[in-house]
Amino acid sequence: MSSFSSKTTVSDLPAEPLSGNNPNSSKVPAPLFHRVVIVLIDALREDFVFGSKGQQYMPYTQHLVERGSSHSFVAKARPPTVTMPRIKALTTGSIPGFVDVVMNLNSPVLLEDNLLWQAKAAGKRIIFYGDDTWVRLFPKHFMEYDGTTSFFVSDYTEVDKNVTRHLDSTLNRDDWDILILHYLGLDHIGHLSGPHSSLIGPKLLEMDDILKKIHSSLTSREMEGSLPNLLVLCGDHGMSETGSHGGSSDPEINTPLVLISSAFKRKVDMEKPGTVAQVDVLPTLALALGLPISRNSVGCLIQPVFEHTSLRDQLRFLHLNSFQLNCLLKDSTPNFQKEEGYDQFHLAEKSHANWMKLYLEGNTSEVLSNLGRKLLRQYLGALKAMSSTLSKQLGKYDMYSMIVGMVLVLQVLLVLILAMPEALSHPAEVEIPLYSSLLSLPFYMLWLLCCSIHVLVCTSAESSCYLCNLSWGLVLAAITTISAMLCVLLSMAGRKLASGAKTGTKNTNGSGFSELDMLLLTGTAGNVISLGSSSFVEEEHQTWYFLINTLCLAIFQDVCRKYFRERKNYSDDSSYLVSKEDLPVLLSPISGQGSQKWLALSTPLLTLACCRLLRSLNQTGVQWAHLPDMSHWLNSWEHKAELSVLSAASLVLIFFLVQKRCSLVSKIALALGLLGVYSYRAAVGNVLFPWQLASRDISKGTVEARFVYIFVLGILFTGSKDLLRSQVITADSWLKCRGLWEVYSGIVLLCAILLRPHNLPVLACSLLIQTAMAQYIWKELQYDAAQTSIIHYWFGQAFFYFQGNSNNIATVDISAGFVGLESYVAIPAIFLTAFSTYSGPLLWACHLVCYLSSAQDSRHPASLGHGCYCFALLRSIPTVVYIILVTALRYHLFIWSVFSPKLLYEAMHTLVATVVCIFFTAMDQNHIAQS
Amino acid sequence: MRDVEINIKGMVSAHTIIAFSIFIATLMPHFFVENYSVYGTHLAWLYSVSGSVAVVNITIFWLLGISPPTKKHTLSYKVSRLVKSCLHFVASCLFFHLVLVLYGATLLEAPLETFSLAVLLSCFTTLRCLCALGPNVQAWIRVFSRDGAMSIWDTCLQITTAGTLIGTWLGAFPIPLDWDRPWQAWPISCSLGATFGFLMGLLVAPGWIYWHRKQLTYKCK
């Protein structure tokens, strides 16, 4: 949009089209309704009102929809189906982008032209009760308000009581014009237990009662002669089959929209509700209230709502709406004359003028009304055309900033790749010629060139550009980075070429790849390529499960090869004897090797079995997400006992797997912490306490959760104390190892409290696989640091999805952000949510650090460095390729629904990986200092 | 060297016959099954191909006399070998079924489809091994370990088995795509992948052996 904060005013409204002069026609259309009550129910799905659930639980609303004087529609929301962008869409009529998802947590004041501003400017008094996102968006617009916080997901009764408690007194007062109620309870129930939970019914009944109360109060207070009142029931977004939202599936985007007023014709029969866009609500409400339509609205009015008015008024409303869209079209499209809607509008405007002339002449014939109806259709066609053009081209891209960002990430990736031979060499040290390039002439020339390009682009650009709006300091820093990186790249490449020419043909070690290496490389490359397809992004978990399975089978084959070929040596069938060179070194039969062998053989099989079970624990993705899975079964009311046993068993398993490498104090702390995790889940009501007599009230479990946090911090503290001591004072590798494992167990404990109880087996299985693999596979088969890192990365990815995540915003479990908090506190909530979402990759990365540093010895002195390098490379390649892919696919149909959420995930994952790499480097300092 | 070339000629003709039998098996059910199509009545196609490949393989290996020399010629020994082979075949079907389930095939839904695919894979891989090597696990391990091949038939087994498995593996890739094509249904893409992989293996094996006949110095008996 060209200007964000400018508003339409009444004086901007066009006059009624008229050929000839008629002074009395430019008046603002009068409002159609006296009072408006908007009841917005968060996550109200279309079938909760119009479907079978509606029949069962919302009898009054259903009656109004079927028989009453009402209009009902299915309003389609645009992805991202998250509350704040939806509120923006409802109040401004524009289509907010994906950045608003991130902003959802921290909504700033809405400066765009919006309905509430217009209403306030027109002197309407607005009262608001409900989600405090509104209060943050519109801080000065309400005459009276009471915001409830939307983030405490486990509370679904208090939030709504806090809204309803004001209702009776407000309805009896006469000093307001618009009342907005935003109920959050239904959304919270959805997040907690899904759309088929037993809690949904009572909640819908409660909402139905509220609607009944409001409707009867509105009708009883309607006075003879005054305008009728309007009651609007709508949802901001729907709810997916798992109870969350954010994506673009049908149940998430289809919301009900019911307009109830005595002005409408009473319906005789149930009709199938028509489909409108959510942004259409704004022009409809604005015109019905006699307000100017907000500037950036792309909606077109819902015509049936105005059916009861005279033809002249209807045409006037349509004219106002299409005039506004036409202005927007002119502002936002360079060659708007070529658009289909533009011509249609001007044609309609012309015939409107002719019609008005006839009308004012007192012509009341059939011909005139037929002509008017034709004109109506013409206007509607123009509106549709303009609205669709506008919503299509709203995705304007700031190509300059995008290219600059792309160049930066590409440079980093190229530096990483060019450094590969050195980074994987024995000392694992890369020399980056930063100072020499900073002092070189090309650097300054490049710098000047970039500056001039920047100035040139910014002065010639018409649309707003992120980089051009940045302060000069930041821009100069970016330009310096780009030119310095380019010089570094050039000098590195030059060095490589020179050394390549020197060594010449010596570099022919291409034959050193085993099958496992081949698999690891093709798998990584295949995954990166698959990100170009929307289906593979949606179903990325399938890719990882598939790769993990193949990896386990390949490892199994490796193990078999090792142990079975050894045995052949002493088998008497000498005809099968193969040359001895390629046999493993282990030739002497050791006692106890038998059990070792079988354990090693069973490890990949155990991993396979675990992966198969975990795979059916959480169905994620899009195509098969609706299939029943174990987590649904476990979370249903009647299987609480099973869930309790499962989570208790997992916690015990976690304890036994983690404790053996900790000090005694940490062991005790860990045991108490895990006990605390169970009692927290019992307090919250997820699991049962065996010795609990009466059913206790469900609390927020703050005390229990904080109890666990204390132990987490304690373990982390002892761990980092050991680490610091080993780093600074003694340089003792044993102490360092113990410190690392303690930090690791602290992280495990934090995961245990944050993950939902049905996901505790995921944690237990990941620990089991890590222990078994470290013990019997990686060491025994002598996998090098690079192979181990790639395997860790793959497992980390698979466990990200095992835990129920997907590349869709909807699956982020925000309830983790409230563990142990009384109310929403931004920073801890974001940290905890991110931690629990990325707990899989994080745990595996931490295990990699621990494993590599405990395996680091004289034979492999640089394994930590190798691991860190591989990890960084593994994360950067998909990110960079994905950024380029997304830029290329920016006009793809699914860019907003599939690709951009994935980009958010990638960015967040890269952030997590950066933290891990810093941890790696810190751990590696010791080794560098020694050498 | 002459010996190898003659053997390769035999292999080419044998592979042509097997490939042709797959082709015939694809067409034949037209006359017996109503509304037959490879996608629509996939299982019919699958059984027909597995059956014909099995029969043709057994006949060819028997006629060419590649089967391992039996030490004894008593009837009971032969019968016990046959029974053993059958058991191995069933075990391999179950093994493939297990692997498919591990790869994510549903355990309870469509078990017949999964098992049919397992039978097809067994026909393409295990059956040929049984024909060429007999029910001798040691020999199998030798053939499928690195540098373990001792005759061109061993190499051929390696190539066709690898071709089948890689074909099946690649065949799973289109399943998550949202194209809603009939061949994306389980297990059509995988069984087609397996068949194409097998055919590729049949095609590639003689050529590969021919080109590498100098390097392939089999440590023959």
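We name chains A, B, ... by the order of the sequence lines, and we start the count at 1 in each one.
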Under 4.5 Å heavy-atom distance to chain B, tell me which part of [X] shows up: side chain, backbone, both or neither.
| X | value |
| --- | --- |
| Phe546(A) | both |
| Leu553(A) | side chain |
| Thr543(A) | neither |

Test your reading of the model: is there a side-chain donor-acceptor pair from [X] to the backbone of [Y], 3.5 Å cut-off?
| X | Y | value |
| --- | --- | --- |
| Arg612(A) | Val101(B) | yes |
| Tyr545(A) | Ala798(A) | no |
| Asn807(A) | Glu538(A) | no |

(request) Establish, from distance only, whether the side-chain atoms of Asp629(A) and Ser631(A) form a donor-acceptor pair under 3.5 Å. (result) yes

Side chain from CB out, backbone as N, CA, C, O: work out which of these in [X] comes under 4.5 Å of a heavy atom of chain A, or both, or neither.
| X | value |
| --- | --- |
| Leu98(B) | neither |
| Phe144(B) | backbone |
| Val99(B) | side chain |

(message) Parallel, tilted or perpendicular: which one describes the rings of Phe899(A) and Tyr882(A), with boundaries at 30° and 60°?
(response)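 Answer is tilted, since the angle falls between 30° and 60°.
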
